Amino acid sequence: MIQLHDKFFKRFLSEMEIQQAVKSVADKIAADYKEETPIFVGVLNGAFMFVSDFLKAYQHPCEVSFVKLSSYQGLTSTGIVETLLDLPENIEGRSIIILEDIIDTGRTLQQLVHLFSKTNVKEFKIASLFYKPDVYNGEYAIDYFGLAIPDVFIVGYGLDYKELGRNLKEVYQLNQKHMINLVLFGKPGAGKGTQAEFLKEKYNLKHISTGDVFRYNIKNGTKLGTLAKSYMDNGDLVPDEVTIKMLQEEVEKNPDADGFIFDGFPRTAAQAEALDNFLESKDMKINATIALEANDEVLIERLLERGKVSGRSDDQDVTKIRNRFDEYNQKTTPVKEFYEAQQKFHSVNGIGSITEITERLTKVIEGL
């Protein structure tokens, strides 16, 4: 397993398997072109290692040049292919063979065909080391390829993730864990904290309590903590972007977690949307929001009992408790509606033993 930026990758192809695929492409092309001098055109940046090893394996007269195209940002193709380096000169009447590192959707290939359609070459062929038949649109023929691979994101041997990984001798596949990301709701006394402890142990999740994150950053005088405190000292609300950045740091601190429980955030529909955008940038998403529901009178009894032990004044005054319930209802209703629109909101009965409630939560998660 290797890490590039915020992603983990596991080995997909060994150096030997790659070299065998390179030789396979070279042998197939040699069978067709060893009697003439073709021009091989490598596509930068990804194909530079493939072209180098291909030329070592191709023991016949040839010329080599490069074009440079770009269509990828991060894990996905932008759909916009730019030509950054023009075609070689003096190609009229010559056989041109494009050497691509990988062909998936065919967008880059479409641009290459467009480039060469304006020229008077003898013939134009496509050769790719890797080929993803499951996602290729099939618009143009792939004349030669080394290995057909499934639709997985790979790095190494010229292929990159945000410019890292091109120099690796082997090819690595994105380690796509089945992540479970939850938003946990519950009125005071609903047992949210207790259930979060069970869930994080059972599913290897990281429990991110917004209150704990704020206290940690302010106590330790971090840049974000200092910024948040400056708003709080002035009696202002901390902007959502500051909170999101704190959550982002917590997520990035725990790359081995199989998901996250967000507790205390989002509190508004705007925050829920901001959380969605942040997670999407990490190739993640909220899988479910779960609300622990319980009758107000039952929760009041729980809090009054808790107040006898904790000494918290807001757990000992029924009026204050009811005010907290009203505030919860007002704040969570828009968030509930936001996730209901995505069919991600689940209500769980919070009355019963700890084990019974855990079983109800587990049933929801297992059904995702």
Side-chain angles (χ1 to χ4, degrees), residues 180-203 205-216 218-219 228 232 235 237-238 240 243 247 260-272 275 286-341 344-367:
I180 301 171
N181 297 305
L182 307 172
V183 173
L184 200 56
F185 289 118
K187 291 180 182 178
K192 209 171 35 163
T194 300
Q195 293 302 326
E197 286 297 314
F198 279 98
L199 294 178
K200 76 176 189 178
E201 292 298 325
K202 182 176 179 65
Y203 296 104
L205 307 180
K206 169 66 179 177
H207 179 206
I208 299 180
S209 165
T210 310
D212 291 344
V213 171
F214 265 84
R215 284 187 286 273
Y216 170 83
I218 292 171
K219 180 180 178 181
M232 295 163 71
L237 293 173
V238 178
D240 291 348
T243 307
L247 297 181
F260 298 88
I261 301 172
F262 295 96
D263 179 357
F265 190 93
R267 291 182 178 273
T268 66
Q271 289 179 353
L275 181 60
I286 292 296
N287 298 92
T289 58
I290 304 177
L292 285 173
E293 305 285 6
N295 179 277
D296 284 0
E297 301 309 314
V298 173
L299 294 180
I300 289 171
E301 289 301 318
R302 284 185 188 176
L303 290 172
L304 290 174
E305 285 299 315
R306 189 174 77 178
K308 295 176 182 177
V309 178
S310 68
R312 287 178 52 171
S313 60
D314 57 350
D315 281 351
Q316 300 174 32
D317 186 315
V318 174
T319 301
K320 289 182 179 179
I321 291 173
R322 291 193 186 278
N323 288 340
R324 288 158 67 192
F325 289 172
D326 290 341
E327 183 183 12
Y328 170 87
N329 290 332
Q330 291 171 7
K331 286 185 175 180
T332 58
T333 295
V335 182
K336 176 183 176 182
E337 291 171 351
F338 178 87
Y339 286 116
E340 280 180 331
K344 292 181 178 180
F345 186 84
H346 302 267
S347 179
V348 170
N349 182 1
I351 302 298
S353 69
I354 292 174
T355 303
E356 288 172 338
I357 298 168
T358 303
E359 288 175 354
R360 293 169 196 155
L361 290 169
T362 301
K363 186 176 180 180
V364 170
I365 294 169
E366 296 293 337

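Throughout, residue positions are numbered sequentially from 1 according to the sequence presented. Because the structure is predicted, anything quoted here is derived from the model rather than measured.
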Subject >> Residues Thr289, Lys336; criterion side-chain contact (heavy atoms from CB on, under 4.5 Å); working and verdict >> reply: CA-CA 8 Å; Thr289 58; Lys336 176 183 176 182; over 6 Å; no
**OP:** Evaluate the criterion salt bridge (Lys or Arg N to Asp or Glu O under 4.0 Å) for residue pair Glu327 and Arg324; output intermediate values, then yes/no.
**Re:** CA-CA 5 Å; Glu327 183 183 12; Arg324 288 158 67 192; over 6 Å; no
Subject >> side-chain contact (heavy atoms from CB on, under 4.5 Å) assessment of Gln271 paired with Val335 >> reply: CA-CA 9 Å; Gln271 289 179 353; Val335 182; over 6 Å; no
Got a second to check how far [X]'s [atom1] is from [Y]'s [atom2], nearest 0.5 Å?
| X | Y | atom1 | atom2 | result |
| --- | --- | --- | --- | --- |
| Leu199 | Leu361 | CG | CG | 5.5 Å |
| Ile365 | Leu205 | CD1 | CG | 7.0 Å |
| His207 | Phe262 | NE2 | CZ | 10.5 Å |
| Leu292 | Gln195 | CG | CD | 6.0 Å |
| Leu184 | Ile208 | CG | CD1 | 13.0 Å |
| Ile286 | Ile180 | CD1 | CD1 | 12.0 Å |

**OP:** Please list all pairs passing the salt bridge (charged side-chain N to carboxylate O under 4.0 Å, His left out) test where one or both residues lie in residues 344-355, with sequence neighbours left out.
**Re:**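 For residues 344-355: none.
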For a quick test of reading the model, state the closest non-hydrogen atom pair linking [X] to [Y] and the distance between them.
| X | Y | value |
| --- | --- | --- |
| Pro266 | Leu275 | CD-CD2, 3.9 Å |
| Thr210 | Gly264 | OG1-C, 3.3 Å |
| Asp315 | Ile321 | O-CD1, 3.9 Å |
| Ile261 | Ala196 | CD1-O, 3.8 Å |
| Pro188 | Phe325 | O-CE2, 3.6 Å |
| Tyr339 | Val183 | OH-CG2, 3.9 Å |

Original post:
Should we count CZ of Phe198 as having more than 12 external heavy atoms under 6.0 Å?
Top reply: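 Open.
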**OP:** Assess whether atom CD1 of Ile351 is packed by more than 12 heavy atoms of other residues, nucleotides or ligands within 6.0 Å.
**Re:**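 Yes, enclosed.
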Apply side chain to side chain contact (heavy atoms under 4.5 Å, CB included) to [X] and list each qualifying residue two or more places apart in sequence or on a separate chain.
| X | value |
| --- | --- |
| Val238 | Phe214, Ala228, Tyr231, Met232, Val242, Thr243 |
| Glu337 | Thr333, Glu340 |
| Thr332 | Phe185, Tyr328 |
| Arg322 | Glu297, Ile300, Val318 |

Got a sec, which residues hit side-chain hydrogen bond (donor to acceptor under 3.5 Å, both in side chains) with [X], two or more places apart in sequence or on another chain?
| X | value |
| --- | --- |
| His346 | none |
| Asn323 | none |
| Glu359 | none |
| Lys206 | none |

**OP:** Please answer whether the main-chain N or O of Gly311 pairs with a side-chain N or O of Gln316 as donor and acceptor at a distance below 3.5 Å.
**Re:**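 The answer is yes, because a donor-acceptor pair under 3.5 Å joins these two groups.
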**OP:** Check for a donor-acceptor pair, side chain of Asn181 on one end and backbone N or O of Asn287 on the other, with a separation under 3.5 Å.
**Re:**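 Checking the backbone N and O of Asn287 against the side chain of Asn181, no donor-acceptor pair under 3.5 Å is found.
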**OP:** Give a yes or no on whether a salt bridge exists between Lys219 and Asp212, defined as a side-chain N under 4.0 angstrom from a carboxylate O.
**Re:**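 No, this pair does not count.
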List the residues meeting salt bridge (Lys or Arg N to Asp or Glu O under 4.0 Å) with [X], not counting sequence neighbours, and say none if there are none.
| X | result |
| --- | --- |
| Asp263 | Lys192 |
| Arg267 | none |
| Glu366 | none |

Subject >> Side-chain heavy-atom pair Glu305, Arg302 within 4.5 angstrom cut-off >> reply: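 Side chain of Glu305 against side chain of Arg302, heavy atoms only: no contact under 4.5 Å found.
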